[in-house]
Every structure is written in C-alpha cells, then in structure tokens.
Amino acid sequence: MQEPAITPDLIAAHGIKPDEYERILEIIGREPTFTELGIFSAMWNEHCSYKSSKKWLRTLPTEGPQVICGPGENAGVVDIGDGQAVVFKMESHNHPSYIEPYQGAATGVGGILRDVFTMGARPVAAMNALSFGEVAHPKTRQLVHGVVEGIGGYGNAFGVPTVGGETRFDPAYNGNCLVNAFAAGLADADKIFYSAASGVGRPVVYLGAKTGRDGVGGATMASAEFDESIEEKRPTVQVGDPFTEKRLMEACLELMQTGAVISIQDMGAAGLTCSAVEMGDKGDLGVRLDLEKVPTREPGMTAYEMMLSESQERMLMVLDPEKEAAARAVFDKWDLDFAIVGETIPEDRFLIVLNGEVKADLPLKALSGNAPEYDRPWVETPPAAPLEEVPQVDPIDGLKALLRCPNYSAKNWLYEQYDSQVMADTVKGPGYGAGVIRVHGTDKMLAFTSDVTPRYVAANPEEGGKQAVAEAYRNLCAVGAKPLATTDNLNFGNPEKPEIMGQFVGAIKGIGAACAALDMPIVSGNVSLYNETDGTGILPTPTIGAVGLIAAGETPILGQPRDGHVLLMVGEASGHLGQSALLAEVFNRTDGDAPAVDLEAERRNGDFIRAQRDYIRACQDISDGGLAYAAFTMAEAAGVGVVLDSDDTATLFGEDQGRYLVSCNFDCAEWLMAEASKAGVAIRTVGKFKGDTVRLDGSEAPLAELSALYRGAFAETFG
Amino acid sequence: MRAAVLVFPGSNCDRDLATAFRAAGFETEMVWHKETSLPDRVDLVGVPGGFSYGDYLRCGAIAANSPICRALKDHAERGGFVFGPCNGFQILAETGLLPGALLRNAGLKYICRTVGLKVATTDSVFTGAYAEGEEIQIPIAHHDGNYFADADTLDRLEGEDRVAFRYSDNPNGSARDIAGILSENRRVLGMMPHPERAADAGHGGTDGQRLFAHLTEALATA
C-alpha cells in the first residue's frame, strides 16, 4: 500500500511542532516514513513524553525506606511488611471520557488495573476521582451516567472492589470532565516484575487481545485541546472488554509464577510502540518486531495502524526462551493470544518489519531519551482577591444548602453502581473519608483515599497543592492508618500558557513540600494537560491518591458516635471562609485566599489521632463544608442527633486545615484532653451527640429531615 | 464434607465462596470450567458469582453449556447439593436446574448494597438455621437480578414452598419479591444476594455465615 507523503499538514495533524520535526530530521538524517512519523508522534506527545512537566516532576520527593519502586515503572511499589507490597497508581482518562463517556471511563479503569497487574500484583482496590461540569449544563447528565456506568461495567466484571473516590461539579469542567482512576494491588515484595528487557536474541511475545483499528492516535488526541470538531474524534477512543482483562490478569499472574517472564509491559497509550520502546530503552537494548505475526482483529492492517492502535487488554513481554512451552500453555488455558512477534537485538535500534519490508528503522533511545523537554515559561498565580465580608447565615439553612447540592449530598446513587465488596475483604466501602480493606488472610489492613480541592488550588496553587496531600493524610489517619505513600494525577489546562504553567509549578511545590513533611513520597503518577475547550481551562486539579497501613494488632478507627458521646475537635480554627464550600454554594463567591496548611500541625495532630486510637470511638477529618458539615455526616451515619455549641458562620463553616472531629465517652474525652496537652495538640469540646435533631446553637432541624435531604438530593438530580 | 467451587474464566467470587465454604468446615476444591467431571465424593457444588464468560450474551447462558455444567447437572440429578449465588443463580436458571430467568434490574442500573431478606422457608439444608419470616441483612451486587417466571411457575414455586428468600424492599423488580429459590428436591438453591459476603464479622456481618454453618451440619447428618 502506498503510504502518504510527508507534508507540513500531515506533520501538524500528528501534533508535531515544526521545531520538533527539525529535531526528527536531525536524529535520523532523512525524511521519516509515514509509520516513523506516527511513532514519533506517539512517543513525543505530551501524554507519553511528559515534555512540559518532567522538569518539575523531578523535584517531587520519591524516596523513603518504605518505597520499593518509585515513579517510572507501571506503578509504584511500597513495603507493607511481612514480605508483602502494595502496588498502586492513579491515571487520568479525561479526554476519551468526554468524547465517549462509557468506553472512555471503562478503559481508564482497564488501563490502571493493567498497570498494577503488569507488576505482578493482584488488584485488590479501586477508586475514582471524577470532575464534571455544572448540573445545568446539557452534557453533564449524560456524562455522569456514562462515566459511572463505564467504571462500574469494567471494574465490576473484572472483580475489583471500588472502595473510595470523589465526585465534584463545577462550571470549569463543562467542556472537559475529569476521570481519574486509581488501582492498588498486592504482591510479594520479592516478586515484582519490571519493564526493563534483558538479554539479546530473546523472544518478544505479544499477549492478550487482538489488535484492531480502535484508538489509533489516541495519545495524540489526549494531548490536544478540544474544539467543536470533537465529535470527529470518537474513533480514537478505545473499546474495553473486562472479561478479556480478567483472563489476561489471571494468565499473567500464572505465567509469572513459571519464571518465564524476563520483563513485561502493558500496552496502554500508543500501544505496541510505547511498550516496545519502553522495554528496550530501560534495558539498553534494541527491539525488532515482525508485524505480520501480530494477532489482528481484521485483515489488511498497515504497519502504521498496528504500531499506533490502542486496542485494550494487550501485553508485551520478553520471554525466557527455555520456558516458551510452559508460557504458551498458560495462555492456551485462558484462551488468549500468545504470539512471538519479535526479538531483542543488541544495537540501539527500533526495527519494524512487515512481510519482509522495513516500515520503520529508528534509533530506539532517541524516541524516549531524546524526546523534547520544555522549560515552559510560567508566571506566579497572583494572590486571590481579599475576602469580602461574609454575612451571617442561619446555621441550619447553611447546612441544608450544602446537603442539597450535588457536591455535598450523599453519593450512594453513584457508589452503589460499583461493586464495593467483591473479594470479601472490604472493611469500609465508599461514602465518606478513606476506604479500608483487609490484606487477605492477614490481620493487616490497607486504607485508600483520593483528595483535592480545586478551588483552593486555583486561588493559591502552592497551599492548594499542600492541602490536597494534607487532606489525604488526614483521611488515612482518621481510620487509624499510617500514611505510606502517594500517587498524583495532575490535571491542568494548556501548559503553553504561562498562567496555567504557573498553577502547575505552584501545585507541584506545595505537593512536594507536603509529601516530604508528612513522609508520604510520590511513587507513581500521571499528568494530564491541555484540559481546555475553546481556550478555557479547567480548575487546576492535582488529584492525590494515598495509601495507608493499619498494621497487624492495630485497631482501625471505624466506630460511630453513640447517643451521649462528647464531640471533640482536634486542631486549631480561626474561621477561614475564603474559598469555602459555603461561599461557593450559598453565595456563589470564590473570593479570599485558600486556607493555609501548617504541615507541622498536620503531622502532630495525625500522630495524636493514631496514637490515641483506643480512646476514640469515631473520627472524621474536617475538610470542605467545615465543622457543621463534618459533624452532620458523622451524626447521620450513626443515626444519632448532634448539638454544636456555636451559631457563628465562620466557626461552623470555616475550612481551617489540620482538624479532626472525634467522638467518645466522657472518660475518654478527659483522657484525650490530658494527652493532647502533653503532645501540644489543640483540642476542645465543640458539642455532643444526642437525641434525634441537629441543633446548631439556636437553630435546629430533625436529623431525619436533613438525612432525607442529604440522601435524596443526588438521586433526584441524576436518577 | 467435601465441596467444589466451579471456576469460569470470568468468575470473580470463586475465592469468596471457597473461603466461606472452608470457614464452615468444607474441604473445598476449585474446578476449572473445561473439566468434564467433578472430583470424587463431592457433596456440595458452589457455582460462584462473577461474569462467567463475560456475560455479553444473557448472563450465564454460555456457562450453562460449558463442559463442567454437564457434570454439574449429573451431580444435581443424582441428588447432590448445589449452591449458586448471583451469577451462580443465573447459570442455574440457564441450565434448567432452576425455573425462571433473571432479567435486567427494573431500574436498569447495577446495584451493590446490603438489603433486607425475609426467610421464606426454613425447610432446606440452606435455610434451616433461620426462623421463618426472620429478616437478615445480605449484600447484593448485580445488574441482572430481576427474577422472572410465568404465573403458573410462580404459583407452583409458592405452592411447593420453594421460595427461599424474599426481598423486604424489592431492589430490582423481581416477581413476587423473590430473591432465591429451591429446586424440586430442595437440594439446589439459587439466589441473587451474596451470603458469602456476609460470612465474617469483619466484612458484611454474619447473617450469611449461618447459612454455611448450618449447611455443614445438615450435610453431615444428611
């Protein structure tokens, strides 16, 4: 077949900038073939090369005694004792989900699960962080239904419990929803599989589903802004098959036990191209692929299509040739394709041959090592407008306003579409705060949380970045888990705009400072830029996923308040209303600075909660919505009323950081007060749990009425 | 007591069911779907939840025609005990071991939540631990759990006291609130809820544990 001529239009259509094309010419010393142009486009786009973000990502803390493997592999690996490790990562599938919500979200889940089991870990927990446009926007409803069904459709069939996540609505996401999927798996710490190939002349094996024409050019699409032509991009979205993924996982885990796997890499963005280059690059080897051996879904596929297809549920592996028969038997058992499609070669070369004809012949290292890297100009985000006066609101009216808006109402309508209990180890499912699972067959537990408050990040990227990590830290401490490590999913607008780059830089600084101070290094992550439509960017949304450990013998904090319990607040409050939920949802205002994060106080208070677990019946962090909202959700979960001693708007709805609510009996409260004073931790009584009403000083409402509002509002809007 | 749990390529509650069987005292073996026979002297066969063959066709339709399901039918016809939660119920309905079919939930959404079940009969090895009419809390997690059968079949099931459980608050549109049914010889139980997810105080409570504990005792004396 005649390949198209390389024209400036064709180069531009591949998202390659003129100076980047010059670089290609320099590297290979000739005009690239069509297939080669496709390969460069796949490797050098923002999504695969991190060309705008690399410089800043390097500044993040990634090490610690608990870290077995930090960023750079398919997922991060963290020690959880007893020779076991938790393997986790969060990744975005924003652009595909906006174009085709069901498949976009489904394959986002599929991709992150694959990242985890590629490393030899069986996935045991999933979360998702979703950002949608305002409820009134004509696309929002369809996106919510499609994304939620897609996540459920894939994760439920695969068989991984969804134990947490977050969902928000803001007009800033009208043209760009965010779908960030997290997965964690368990593995033996000494049986982790990596992507670096080793050994010359070893077979390169293709595993899993067949290659089709779906998703060709997906990674390039995901690195561009949207405009009105977006509907034309539907064919770049992949189609997911959780049944094949489930078989692929079982087959890979079984195969790994045979000792046949030298290195393994899943085919995600940019499919065969990216996975082969990755394995060769990390192992300092070349790779030759003979494409006629690739199992295809349809005849007549070109080298270009095969190299850029993003068909799902596929893996590439370098095999120990002596164990080929055993390896093939495993894949026969699971009825999956197993084909030797190439071999490792000694020279630095990426050689693509189809029926004897060379389609691409490139220096392999140049594809990743020489990928462009930018030090994009950036400007510091200007200080937020000072907070104007906030009128006092009737406390119950303020609370009701939060409970009925989709950001703060209960999300059962959504969570119940996800299987949160499969594997029968879920101790605390999705709803509020961290999810908790048991490590199967042990007394240990793992806690998972996902957090960010984009309003804060927009107002003050650095404090907002810190806050996202601090809130994750608090959610883990609140269930009694020791925070171990973090994965970051950084969603921003167009990095070529200095203001957007400034948000990115600020957020990274904050995240880095908080991860260092709270000893939660970043072990994996993903960057999603160009989240813009018609020139308008999203709110900066650096989603933080974090994992904590409840060691054997430690009691998790999972109880609920009882009638007669004291309500204590740990941490200091000054009534910070800037960028608060109350301001946004009740007054439609976004003035004021984000709340400041005192990382030392965060650590002190978190340590205190964990150390005092045996005296704490129930615990919850105070985040957006403030004291009133946090106290209500505790009371509501337990079905018992609550009385708070204040009617002051700033006290009830302020969003000062570093705070927890604790419920316990009077004796334990006395103990906690004494211990807090020894530890230099601020603590005071703010109310009590009793009766069946919510009373905020002089203002009150029956718990049942507020509960009905809280539980019903979301389904009423979207059901 | 010996149990077998069938494993289809898309089963995902196979381990959960085996864990519950083992905790209740069954020596439990996993049996791959391509096998043509069950292990010797198996008393109880578990058909687990999940998505047996992806369930892209009707749920359980392909599984019902798998090699192992011929052996399952023989086992049931010989008077062996069979327990099928969720996808297991769908498969048992597709094999014809139980009457009726499981349609898409009335609300058209997947539902995962703990629901109240009323014990409709105590006359079986599966339900003997409960009191008649007792409400127990068991999780459900399905997209296609809307039990359907024609009126004659439903009348017959009720007339023969073969409805094992009914939903207290019907979540999926099931005919006559039916959540689980027994075979004519009362030795095959299919139900959409997952007792194996409520078989441990640390996960989902213990209302399902009683089913398994009683099963061990009853089979030992059967």
Side-chain angles (χ1 to χ4, degrees), chain A residues 122-124 145 148-163 240-251 313 332-336 412-431 436-438 440-441 443 445 556 558 715 718-719, chain B residues 7-20 22-23 32-35 48-57 59 62-63 85-87 105 107-115 138-144 171-172 193-205 208-209:
Chain A
R122 179 176 287 273
V124 293
H145 277 262
V148 171
E149 273 169 38
I151 291 170
Y154 206 99
N156 298 347
F158 179 85
V160 63
T162 297
V163 299
D241 174 5
F243 176 57
T244 298
E245 177 106 331
K246 157 83 174 159
R247 290 183 295 145
L248 184 62
M249 170 193 61
E250 297 290 357
E313 295 94 22
D332 282 348
K333 172 185 165 186
W334 290 95
D335 299 314
L336 290 164
N412 298 50
W413 178 87
L414 187 147
Y415 292 133
E416 288 178 358
Q417 295 186 50
Y418 309 142
D419 192 338
S420 53
Q421 297 173 319
V422 62
M423 302 186 94
D425 279 312
T426 305
V427 177
K428 180 172 180 281
V436 181
I437 64 154
R438 298 183 295 205
H440 191 71
D443 289 340
M445 295 180 195
L558 295 169
F718 290 103
Chain B
V7 183
F8 300 97
S11 297
N12 61 31
C13 303
D14 45 332
R15 187 188 78 180
D16 308 355
L17 189 55
T19 303
R22 286 179 183 132
W32 185 236
H33 66 117
K34 290 179 184 171
E35 298 288 334
F51 290 71
S52 45
Y53 286 85
D55 287 348
Y56 294 117
L57 190 59
C59 300
I62 296 180
C86 203
N87 194 219
N105 292 345
L108 302 179
K109 297 279 186 199
Y110 186 96
I111 311 168
C112 173
R113 78 166 85 108
T114 296
V115 300
I138 305 285
I140 58 167
H142 58 248
H143 204 300
D144 300 78
N172 55 24
H194 286 275
E196 79 279 15
R197 294 186 180 188
D200 177 343
H203 171 94
Q209 191 174 34

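Values below: all heavy atoms of this structure, side chains included; hydrogens, waters and symmetry mates excluded. Convention: sequence-line order gives letters A, B, ...; per-chain numbering from 1.
With chain B as the partner, the residue from A:V427, A:I437, A:T426, A:L558 showing the most heavy-atom pairs under 4.5 Å is A:T426. Per-residue counts of heavy-atom pairs under 4.5 Å with chain A were compared for B:H194, B:K34, B:H142; the largest is that of B:K34. Per-residue heavy-atom pair counts under 4.5 Å with chain A were compared for B:A199, B:G202, B:A141, and the maximum is reached by B:G202.
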Checklist entry - What do the steps show when you test B:V7 against A:E250 for side-chain contact (heavy atoms from CB on, under 4.5 Å), and what is the final call? => result CA-CA 12 Å; B:V7 183; A:E250 297 290 357; over 6 Å; no
Next on the checklist: Quick one, A:H440 with B:T19, criterion side-chain contact (heavy atoms from CB on, under 4.5 Å). Give me CA distance, side-chain angles, the key distance, then yes/no.
Outcome noted: CA-CA 10 Å; A:H440 191 71; B:T19 303; 4.1 Å; yes
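In this structure, the portions of A:N156 lying under 4.5 Å from any heavy atom of chain B include both its backbone and its side chain. Contacts of B:N87 with chain A are absent, with no heavy-atom separation under 4.5 Å from either backbone or side chain. For chain B, the nearby parts of A:K333 are the backbone and the side chain; heavy atoms of each come within less than 4.5 Å.
In plain terms, the two heavy atoms of A:Q421 and B:P139 that are nearest each other are OE1-CB, 3.0 Å. Taking every heavy atom of both residues into account, B:Y56 and A:F243 meet most closely at OH-N, 3.7 Å. Here the closest non-hydrogen pair linking A:V422 and B:N12 is CG2-O, 3.5 Å. Residues A:Y418 and B:Y110 share a closest heavy-atom pair of C-CE2, 4.2 Å.
Under the 4.0 Å criterion applied to side-chain N and carboxylate O atoms, A:D425 and B:R15 are assigned as salt-bridge partners.
Listed for the B:K109 side chain is no donor-acceptor partner under 3.5 Å among the backbone atoms of A:L414.
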